[in-house]
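In what follows, a single structure is set out as structure tokens and then discussed.
The sequence lines fix the lettering, A, B, ..., with proteins before strands; numbering per chain opens at 1.
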Protein chains: 2
Amino acid sequence: MTASPKPVILTGDRTTGPLHLGHYAGSLKSRVTLQDSHRQYLLLADTQALTDNAHDIGRIRRNVLEVATDYLAVGIDPARSTICLQSQLPALAELSMLYLNFVTVSRLERNPTIKDEIRARGFGRDIPAGFLCYPAAQAADITAFRATIVPVGADQAPLIEQTNEIVRRINTTAGRDVLPEATAVIPATGRLPGVDGKAKMSKSGGNAIPLSASPDEIHAAVNAMYTDPGHLRVEDPGRVEGNVVFTYLDAFDPDRNLVAEFKERYRFGGLGDAVLKRRLDDVLQALVAPIRKRRAELAKDPGYVLEAVRAGTDHARSVTQETKEEITSALGLFRLDPLALAEAGPALLTA
Amino acid sequence: MTASPKPVILTGDRTTGPLHLGHYAGSLKSRVTLQDSHRQYLLLADTQALTDNAHDIGRIRRNVLEVATDYLAVGIDPARSTICLQSQLPALAELSMLYLNFVTVSRLERNPTIKDEIRARGFGRDIPAGFLCYPAAQAADITAFRATIVPVGADQAPLIEQTNEIVRRINTTAGRDVLPEATAVIPATGRLPGVDGKAKMSKSGGNAIPLSASPDEIHAAVNAMYTDPGHLRVEDPGRVEGNVVFTYLDAFDPDRNLVAEFKERYRFGGLGDAVLKRRLDDVLQALVAPIRKRRAELAKDPGYVLEAVRAGTDHARSVTQETKEEITSALGLFRLDPLALAEAGPALLTA
């Protein structure tokens, strides 16, 4: 066991599409900060993406470097954070299969996150087995890196609970604490709504602002944003809560005092949507411009992005492999080395 | 794809106990013959054993070399057959996790073998997820070696059906036949009953004759065997069907004519159980003596057995790894090599 002075954090994204401002507000921004104070691993989760995209593997493949490029564009530094590709880490699959023996089918079916997602995806009775089993795979991801901090949306917290149940069963079976439990960290900002006010921003929903949005795209998105439908004239009092423009200002405007002042004036009446939107446009243009520039540079050199992922994956492979060996050894599985024979002695061959 | 002139056969045993005469009659004997005509892989299935023995991993560990020693003792030649340890082949876990995305939970639940075994083990609702998923893991084993011939008991045939369903889904998704279908070969002999006449010979049932049985153990087992309870006097006619001694003579006596003559005389009346049992004792003593001798020699040199398993596992690791890469490449998952980048070109970075 190699003790690290910094706490280990595991985050990542399914490689099903390029990232957008919702990802930035909810996680990318804090990842850039966390890479100094934490040992941070970012998982390009192509294997997990397969659990509900086996019919469209091309989409998963095409988005691996897209997501990696987004990481680098926002300021993730491959020298401080490890970016790695899930499908290239065999120990994750080995631990997943191992953990499936330490969780029952009915426990997986009771997982609230899985229940919700099965409903959301309309799987009915035809759930891919990989989808039902994905909490065990996530436990494998978390434990393989010995992560103790896992940032997740509020709806994903039950998955960390399930990981810790598996951790406790492994530790009990091993007779010692071979694995640490993990803590779910739920971001304070909450989930950013789409520009149309719908709860979830998504590329497929057509209500997302991509990280590489052009100035015109940002402008159009801000103009199209819902405010308070009852706020017809500038002098009318307006509602701040549920007002998408304010939600975005809360998430992105670095000038907290200005936002507080805007809120007060808007509630009182006398502040028009146009002023608000101009401010948000300025804020988002300033935020996205350097990301877009850096992303365009990276896009010219995909070999650099690939190399960052390759090097990170190599490092992650040895880390996860080491954990896997510690776990199987602690559990007492057979080891194919002469040392195991010496340890076990002739007893091995007396039934 | 490396074409092999010999058909590939995959067999193996869960490492939950040393093998016995039931294994010999049902599979070991034919494996010794098949290793010349076939490319034969023998899987020491410790990972599969975990699916219902996670509470007793020590038992699995202790029996890895026991089973390997049994293989060598009966005449499996590591130069002609590959003996390999399942838990040391990461590609099997990777393919298992992949295949779980190509089979639904309800399909797994409908598998007759799984249904029967869940009942037999008394799992009820608390089925370990690994147990429900084991048909996908078996599909991984079979396909990773590109096995086209899989000897199984009649009750296991539905598992091969399920493997072939997964193979067809993989081939359809890949758009070409990246994997061959497999054929279940059901041995003609059927399952050897226990010495007490119960359907299943098992060490835990106390009705098995181990491959390393001593002369006295064999003698006692034969003496304890059920014959025809209605055959009280030598001159009475006796029943051959369901008579355990005849079942064993059918399975092991090399002199088919003598067995035929015995059956005729027994049915007619005038042949005593003592004569039959003496014959069976002679036959089993002659069969087991060289196995026991060889097993005792091997037990003195566990390093040799370990080395055979280690070398076989190394070979199997590269074979299964190669298949895994062919499959993921055919399915179009992202490959972390510069070639992939060259193939995909700049399109990779345009969402």
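Of the residues considered (A137(A), A54(A), G17(A), A91(A)), A54(A) shows the highest number of contacts with chain B, using heavy-atom pairs under 4.5 Å. Heavy-atom pairs under 4.5 Å with chain B were tallied for S96(A), A136(A), G130(A); the largest tally goes to G130(A). With chain A as partner, the option from V103(B), L92(B), I60(B) having the largest number of non-hydrogen pairs under 4.5 angstrom is V103(B).
For chain A, the nearby parts of I127(B) are the backbone and the side chain; heavy atoms of each come within less than 4.5 Å. For chain B, no part of S212(A) is nearby; none of its heavy atoms comes within less than 4.5 Å. Only the side chain of V64(A) comes within contact range of chain B, with heavy atoms under 4.5 Å apart. Heavy atoms closer than 4.5 Å to chain A are found nowhere in T328(B), neither backbone nor side chain. With a threshold of 4.5 angstrom between heavy atoms, L98(A) approaches chain B through side-chain atoms but not through N, CA, C or O.
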Verdict with reasoning, D56(B) to T173(A), per side chain to side chain contact (heavy atoms under 4.5 Å, CB included): CA-CA 9 Å; D56(B) 191 3; T173(A) 306; over 6 Å; no

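Note that CG of L336(A) and OG of S87(B) are 7.0 Å apart. Values are rounded to the nearest 0.5 Å. Here the straight-line distance linking atom CZ of R335(A) with atom CG of L85(B) works out to 12.5 Å at 0.5 Å rounding. With values rounded to the nearest 0.5 angstrom, C133(A) atom SG is found 6.5 Å from M97(B) atom CE.
Between F102(A) and I57(B), the closest heavy-atom pair is CZ-CD1, 4.4 Å. The two atoms that bring Q88(B) and F334(A) nearest to each other are NE2-O, 3.8 Å, heavy atoms only. The two residues P128(B) and N101(A) make their nearest non-hydrogen contact at CB-O, 4.2 Å.
Exactly one of L333(B), L100(B), L331(B) qualifies for a side chain to side chain contact (heavy atoms under 4.5 Å, CB included) with L50(A). That residue is L333(B).
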